[in-house]
There are 4 protein chains.
Amino acid sequence: MALDSTETKAEAGGIAGERLRSLIERIERLEEEKKSLANDIKDIYAEAKSAGFDVKVLRKVISLRRMEAQERAEMDEILTLYMHALGMT
Amino acid sequence: MALDSTETKAEAGGIAGERLRSLIERIERLEEEKKSLANDIKDIYAEAKSAGFDVKVLRKVISLRRMEAQERAEMDEILTLYMHALGMT
Amino acid sequence: MALDSTETKAEAGGIAGERLRSLIERIERLEEEKKSLANDIKDIYAEAKSAGFDVKVLRKVISLRRMEAQERAEMDEILTLYMHALGMT
Amino acid sequence: MALDSTETKAEAGGIAGERLRSLIERIERLEEEKKSLANDIKDIYAEAKSAGFDVKVLRKVISLRRMEAQERAEMDEILTLYMHALGMT
DNA sequence: CTGCCATTTTACCGGC
DNA sequence: GCCGGTAAAATGGCAG
């Protein structure tokens, strides 16, 4: 690899390298937080289990609620589309 | 289902119902945050892409770094296992 | 369901039915073989245990070796990606 | 680690080391075959999909058939138990 | 819209 | 025999 002679070691790879490093760090930081939240959720499921709830059922309940929420959002979206189509904005 | 006559509608299902509701809400709250983080990550990938980086490569790099970190953790763990197995606790 | 009058019982459901049956049988056959292999593996772990090896450690070792192999494969893959990204195909 | 002075490097770890190596290799070999079968199965699902079958439904069908087979096996087992209990072996 | 990858759910296995 | 944790299957989401 041919480096520009004015380049120091720290700059090897150039600006793009720094940019890349920054992007990677930001992503890794967020993924860490995400994993942390996933662990928190796991803990709550464990808590639920030790409180006598059936975890599998609990998961299903939450999944259903999520689906319903999504359906509602989609219906809102369609409604909005209709209203726009009818000039009712 | 026979409800205790002193029970109001809000209490239907009893204490367990309240506990369940609380668990569900906590989980849903955390999942929302998790999803939000996922979106943030997606945004960074988009940013990377528009800065000219190859997203596929970027993902691989991050995946590889994650694997390496995990492998290091596993090696620590197996070392501990060895020591226990050898009575070196 | 209205069957074509020239259809025999064996053909009920039509060509697609036969195709489906064939697919299912092939899958089930392979899954049987797979399960058989899983049993063989289990037997070896049992053998290892009765030979005095710590099964947990053994599993970790194998898991670690698998990870290492995979990481090597990934590094090859990312190298290919780099070369493509740099137009060095 | 103190090695017996008559031990060469190749023998370090002793007989147990050889035994361990053999066990690991046998397991890894079988796991490779297992993975290969898993890939074959995946291929069939892909084939099914491109033939217009709904893969998700297909999986359910196979899963149900597996459950039924298992149930039948369990019933046979119970029947055998009864027969033994009644001296009808 | 299809294939691929991450996440999630399910099933298994050893330990208590 | 359950439970906790680990590996496999399956589902869902995303980029191309």
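By convention in this document, chain letters (A, B, ...) are assigned in the order of the sequence lines, proteins followed by strands, and residues within each chain are numbered from 1. Everything quoted here is computed from the prediction, not taken from an experiment.
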Nearest whole angstrom, please: distance from the [atom2] of [N] to the [atom1] of [X].
X	N	atom1	atom2	answer
D/Glu32	F/dA7	CD	C1'	17 Å
A/Lys56	F/dC2	NZ	P	16 Å
A/Leu58	E/dT8	CG	C1'	15 Å
B/Ile27	E/dT8	CD1	C1'	14 Å
C/Lys35	E/dC12	NZ	C1'	12 Å

Compare side-chain N and O positions of [X] against OP1 and OP2 of [N] and report whether any pair is under 4.0 Å apart.
X	N	result
A/Lys34	E/dT7	yes
C/Lys49	E/dG15	yes
C/Arg59	F/dA7	no

> Taking side chain as C-beta onward, heavy atoms only, is A/Glu31 less than 4.5 Å from B/Leu37?
Replying inline: no

- Query: With a 4.5 Å heavy-atom cut-off, do B/His84 and B/Met88 have their side chains touching?
  - Reply: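 The answer is no; the side chains never approach within 4.5 Å.
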
Salt bridge or not between B/Glu47 and A/Arg26? Use side-chain N to carboxylate O under 4.0 Å. yes

**Asked** Are C/Arg59 and C/Tyr45 in a cation-pi setup, meaning NZ or CZ lies under 6.0 angstrom from the ring centre and within 45 degrees of the ring axis?
**Response**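 Yes - C/Arg59 lies over the ring of C/Tyr45, closer than 6.0 Å to its centre and within 45° of its axis.
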
